[in-house]
Protein chains: 2
Amino acid sequence: MSNNTIFIEKLRSSGLRPTRQRIEICKLLFDRKDTFHFTINDLNNSLTRITNEKISLATIYNTIHAFKEKGYLKEISINSNKTYFDTNISNHHHFFDEDNKELIDLNDKDVGKVKIKKILPGKKIKSVEILVKVANNN
Amino acid sequence: MSNNTIFIEKLRSSGLRPTRQRIEICKLLFDRKDTFHFTINDLNNSLTRITNEKISLATIYNTIHAFKEKGYLKEISINSNKTYFDTNISNHHHFFDEDNKELIDLNDKDVGKVKIKKILPGKKIKSVEILVKVANNN
DNA sequence: TTCCTAATTTATAATGATTCTAAAGTAGAG
DNA sequence: CTCTACTTTAGAATCATTATAAATTAGGAA
């Protein structure tokens, strides 16, 4: 379990105790080649499918919020009743497929450089997110 | 009330019966010089403040959804527990001020032209929305 | 190791926006 | 004026998320 060690370190270094639950969630989120998008519900389902021991929904919410706080996850701006998260924390944008409610990455070279020319006095830009909604042709 | 006549026509021509409630909402939303952003809660508050006769929350939801369906309103993509609407239906983008949870328009000339270079086979682009999150400097 | 304390997990309740329901009211064509 | 389909409405239901408060656990100190 050398991977666990990495996650334990990651958690410790962010001031989070490496609990069984958090390590389990780390493995599910970060121990893979490609990044992906998920909702809390998705994550809960995956967790119950993969691990034998149940992790409480409240813990999942707590952990995901902590990870977001620490910058290990990004929350995607979409108006849905559910919140979408992304394990890809690099600067990028999204397609949102309205037919199957799925997010698809749009990396920087897929989108021309965006230049915001307006400024709001006293306000600092925290993020620039582009959401391209798509649906079937018909 | 020549304005009412305009709204009655607008409603009729979209297959919506011009009820007292819908006209009241039309006046509040569209009888003004500048467009604006609102949540259902905002609208409900304004309505109770302005009109004497109470309009049910369910009616407000129904009406706003109908107006959105007809293209008289836009729903803004933001991940908040509340849904934000915009009476400005032209193509434009937004700042979202995280301090006071307020939307501010970014018109086309405030944002360099966005070019989406990636295509998804069989999918058509429905909208391109840019959300620039801002907050106080500190 | 054993204790101790603060951090964490957990089940469950609470919240809050939105949607549903089904009964009462209304617009408007004939 | 009547009739019917469309609307409104209050209140219940839903569903994601957050709060609560008791039980558990991590990990440093003794």
Side-chain angles (χ1 to χ4, degrees), chain A residues 4-5 7-28 37-48 51-70 72-73 75-85 101 103, chain B residues 4-5 7-26 28 37-48 51-70 73 75-85 101 103:
Chain A
N4 276 14
T5 317
F7 295 136
I8 290 174
E9 255 330 290
K10 180 173 182 149
L11 289 165
R12 278 233 178 78
S13 70
S14 1
L16 299 170
R17 283 191 182 168
T19 62
R20 174 181 68 76
Q21 294 86 341
R22 286 174 177 163
I23 293 169
E24 216 64 66
I25 293 173
C26 272
K27 289 199 294 192
L28 210 152
H37 309 100
F38 65 94
T39 64
I40 294 288
N41 195 359
D42 296 337
L43 182 55
N44 190 26
N45 290 342
S46 303
L47 283 168
T48 42
T51 75
N52 300 43
E53 329 212 19
K54 181 182 190 324
I55 298 181
S56 161
L57 237 199
T59 300
I60 298 176
Y61 274 99
N62 288 341
T63 302
I64 293 307
H65 284 146
F67 285 4
K68 185 194 148 198
E69 215 61 37
K70 297 301 177 183
Y72 301 149
L73 290 174
E75 194 174 329
I76 308 301
S77 284
I78 235 181
N79 54 338
S80 160
N81 53 334
K82 290 179 175 120
T83 301
Y84 285 73
F85 295 93
K101 272 80 180 91
L103 283 166
Chain B
N4 276 15
T5 317
F7 295 136
I8 289 174
E9 257 330 292
K10 180 173 182 149
L11 288 166
R12 278 231 180 78
S13 69
S14 5
L16 298 170
R17 283 190 183 168
T19 62
R20 174 182 67 77
Q21 294 86 340
R22 285 174 177 161
I23 293 168
E24 216 63 66
I25 293 173
C26 272
L28 211 152
H37 309 100
F38 66 93
T39 64
I40 294 290
N41 194 0
D42 295 338
L43 182 54
N44 190 26
N45 291 342
S46 302
L47 283 167
T48 43
T51 76
N52 299 42
E53 329 212 19
K54 181 184 191 322
I55 298 182
S56 161
L57 238 198
T59 301
I60 298 176
Y61 274 101
N62 289 343
T63 302
I64 293 308
H65 285 147
F67 286 2
K68 185 194 148 197
E69 216 62 37
K70 297 300 178 185
L73 290 174
E75 195 174 329
I76 308 302
S77 286
I78 233 180
N79 54 340
S80 161
N81 55 332
K82 291 181 176 118
T83 302
Y84 284 74
F85 295 92
K101 271 80 180 92
L103 283 165

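Lettering follows sequence order; numbering is per chain, from 1.
The side chain of B/I55 approaches D/dT9 more closely than any other nucleotide in the set C/dT18, D/dT9, D/dT8. Distances were taken from every side-chain heavy atom of A/L57 (C-beta onward) to each of D/dT17, D/dA10, C/dA11; the shortest belongs to D/dT17. For A/R20, taking side-chain heavy atoms from C-beta onward, the closest of the listed nucleotides C/dC20, D/dT8, C/dT10 is C/dT10. The side chain of A/Y61 has D/dA16 as its nearest neighbour among D/dA16, D/dT9, C/dT9. Nearest to the side-chain atoms of B/R22 among the listed nucleotides C/dT9, D/dT17, D/dT7 stands D/dT7. In the set C/dA11, C/dA17, D/dT7, the nucleotide with an atom closest to the side chain of B/N81 is C/dA17.
When the P atom of C/dA11 is taken as reference, atom CG of A/N62 falls 13 Å away, rounded to whole Å. For B/I64 and D/dT7, the CD1 to C1' distance is 15 Å, given to the nearest whole Å. Summarising the geometry, the separation between NZ on B/K68 and C1' on C/dT18 is reported as 13 Å, rounded to the nearest angstrom. Rounded to whole Å, the distance from CD on B/E53 to P on D/dT8 is 13 Å. Taking atom CG of residue A/N41 and atom P of nucleotide D/dT14, one finds them 17 Å apart after rounding to whole Å. Spacing between atom CD1 of A/I60 and atom C1' of D/dT18 amounts to 15 Å, rounded to whole angstrom units. One interatomic measurement links the two molecules: CG of A/N44 to C1' of D/dA16, which rounds to 12 Å at whole-angstrom precision. As rounded to whole Å, 14 Å separates atom P of C/dA17 from atom CG of B/L43.
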Assess the residue pair A/L103 and A/I78 against the criterion (side chain to side chain contact (heavy atoms under 4.5 Å, CB included)); give the C-alpha distance rounded to whole Å, side-chain angles, the decisive distance to 0.1 Å, and a yes or no. CA-CA 10 Å; A/L103 283 166; A/I78 235 181; 3.7 Å; yes
Can you list the steps and then say if A/F67 with A/I25 is a side chain to side chain contact (heavy atoms under 4.5 Å, CB included)? CA-CA 10 Å; A/F67 285 4; A/I25 293 173; 4.1 Å; yes
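Environment of CD in A/E69: sparse, with no more than 12 heavy atoms of neighbouring residues, nucleotides or ligands closer than 6.0 Å.
Under 4.0 angstrom from either OP1 or OP2 of D/dG27 there lies no side-chain N or O belonging to A/R17. Between A/H65 and the phosphate of D/dT18, there is a side-chain N or O to OP1/OP2 separation shorter than 4.0 Å. When the side-chain nitrogen and oxygen atoms of A/S56 are compared with OP1 and OP2 of C/dT9, none of them lie within a distance under 4.0 Å.
At a threshold of 4.5 Å between non-hydrogen side-chain atoms, the residues A/N4 and A/K27 count as touching. When side chains are defined from C-beta on, A/I40 counts as touching A/L57, because their heavy atoms get closer than 4.5 Å.
When each of B/T19 and B/K82 is assigned the nucleotide of DNA chain C bearing its nearest heavy atom, the one mapping closer to the 5' terminus is B/K82. If B/R12 and A/Q21 are placed on DNA chain C by their nearest nucleotide, the residue sitting closer to the 5' end is A/Q21.
Of the N and O atoms on the side chains of B/D42 and B/T39, at least one donor lies less than 3.5 Å from an acceptor on the other residue.
If you check every strand for non-hydrogen atoms under 4.0 Å, B/T59 touches a base. Within the 4.0 angstrom heavy-atom criterion, only backbone atoms of the sugar-phosphate kind lie near B/T83; the bases stay farther away.
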